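Everything numeric here is computed off the predicted structure, so don't read it as measured data. Remember, it's 1-based here, ligands and their atoms both numbered in the order they're listed. Computation of the quantities below employed the complete heavy-atom set of this structure, encompassing side-chain atoms and omitting hydrogens, waters and symmetry-equivalent molecules.
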Amino acid sequence: MRKEIICLFTILASAACSSGPQTLKDALEGKFLIGAAINEAQIRGLDTRGDSVLLRHFNAIEPENCLKSEEIQPQKGVFVWDLADSYVDFGIRNNLAVYGHCLTWHSQLPDWFPKNDDGTDVTPEELKARMREHIHTVVGRYKGRIKGWDVVNEAVLDDGSWRESPFYRILGEEYIELSFRYAHEADPDAELYYNDYNMFRREKAETVAKLVNDLKAKGLRIDAVGFQGHYGIDYPDLEELQQAIDIVTATGVKIQFTELDVTILPTLTRSADIGDKSFAEVVADPVLFEKHREMFVPYPEGIPQELDEKWNSRVESLWDLMLRNHEKILRVNMWGVQDGDSWKNEYPTRIEGRQEYPLLFDRSFREKPCTRWIIENAGKY
Ligand code: GLA
């Protein structure tokens, strides 16, 4: 009889266990949205395994590239909608929150945008007209379907000063406010965000907080600041990150972790014989490459178990911090679904045998220990 009771208890306990959330989106329900950046294969349904992990675990998407200005308006007045339309349709069809990235950014910007035909800078008036046309056309097309936009990406440097982008060179700080104004005109219901990397740096967080206050004082809409989470095992310091969250949210806006991926490989460093050469040039030189092979491909047999454990516990600490701050966070967005999708595999250049490990699912589409940890622990916060 006693044995039967114990047996019944075990069955009930395991049923109770398996009735807890089994996916990221269920585990994070009521806290914040969980998104992933998706690529062309996923948008077009050609990566069926990737799509099935995406639809099972995530409730938001962001496009890796197809809404960037060089993709969407490669030549003046020539808009290429095919992939962007498919991206938005994919999200709506699958009941996902669809995000837009990004409207004003110095990188992946087509050459023509800030220039006259003779290569000189356009006038401030002409640049405003081009920005207005671009933002109105793109945001207007997806009005009511894209929930929120990264309006300006990466305008501030790590020391808190303004980046000398073509926009800044021609218009000064005003280009930021204009971008927010044009986006709001095109879709008054869309959420609008400022997005940047290394937001954990105090000087940067302070400049962005001031920017948010200035935009608000001018009556402009800004809903959140995106912290791009291109992090590593040793950075950022989590106390610094918490301080930056506090500095930014003291303005009254929320934050979101927009491009989360945690590097496992050590950062490449320059020795005297590398000098000013780009890493691509070093890799292309057989003698130099051989000399530095261990640095470029530190784990040819795969990630050692000890490092794997260290990485997982680092990701858990980051998630512990994000979960403790959940009331200040709108969304956490992974920069890719599984490790094989990550841009970090080819950063700073493509190197045979060098593989990154930055996301929540491995190359076989399996959840990692930290992913299970999130699913099992999110409800405790
Ligand atoms: C920045 C951009 C992203 C992406 C990453 C690297 O963080 O905001 O769109 O390009 O760089 O891939």
Legend entry - Glu316 atom CD: more than 12 heavy-atom contacts under 6.0 Å: yes

Inset, instruction - Give a yes or no on whether Asp159 atom CG has more than 12 heavy-atom contacts from other residues, nucleotides or ligands under 6.0 Å away. - result: yes

Inset, instruction - Write out the residue and atom name of the closest protein heavy atom to atom 5 (C) of ligand 1, then the distance separating them to 0.1 Å. - result: Glu259 OE1, 3.7 Å

Inset, instruction - Among all protein heavy atoms, pick out the one at the shortest distance from atom 10 (O) of ligand 1; state its residue, atom name and that distance to 0.1 Å. - result: Lys68 NZ, 3.0 Å

Inset, instruction - Examine Trp311 together with Tyr357 and report whether their ring centres are nearer than 6.0 Å. - result: yes

Legend entry - Within the 6.0 Å centroid threshold, strictly below: Phe227 and Phe200: no

Legend entry - Any N/O pair His101/ligand 1 closer than 3.5 Å: yes

Inset, instruction - Look only at interatomic distance and state if His230 has a nitrogen or oxygen under 3.5 Å from any nitrogen or oxygen of ligand 1. - result: yes

Legend entry - Proximity flag Tyr347 to ligand 1, non-hydrogen atoms under 4.0 Å: no

Inset, instruction - Would you mind telling me if ligand 1 is within reach of the side chain of Tyr197, the backbone, both or neither, using heavy atoms under 4.0 Å? - result: neither

Inset, instruction - Using a strict 4.0 Å cut-off to heavy atoms of Gln108, name the atoms of ligand 1 that fall inside it. - result: 10 (O)

Inset, instruction - Provide the number and element of each atom of ligand 1 under 4.0 Å from a heavy atom of Asn153. - result: 2 (C), 8 (O)

Legend entry - Donor-acceptor pair between Asn325 and Gln242 side chains, under 3.5 angstrom: yes

Legend entry - Lys147 and Glu62 ion-paired at < 4.0 Å: no

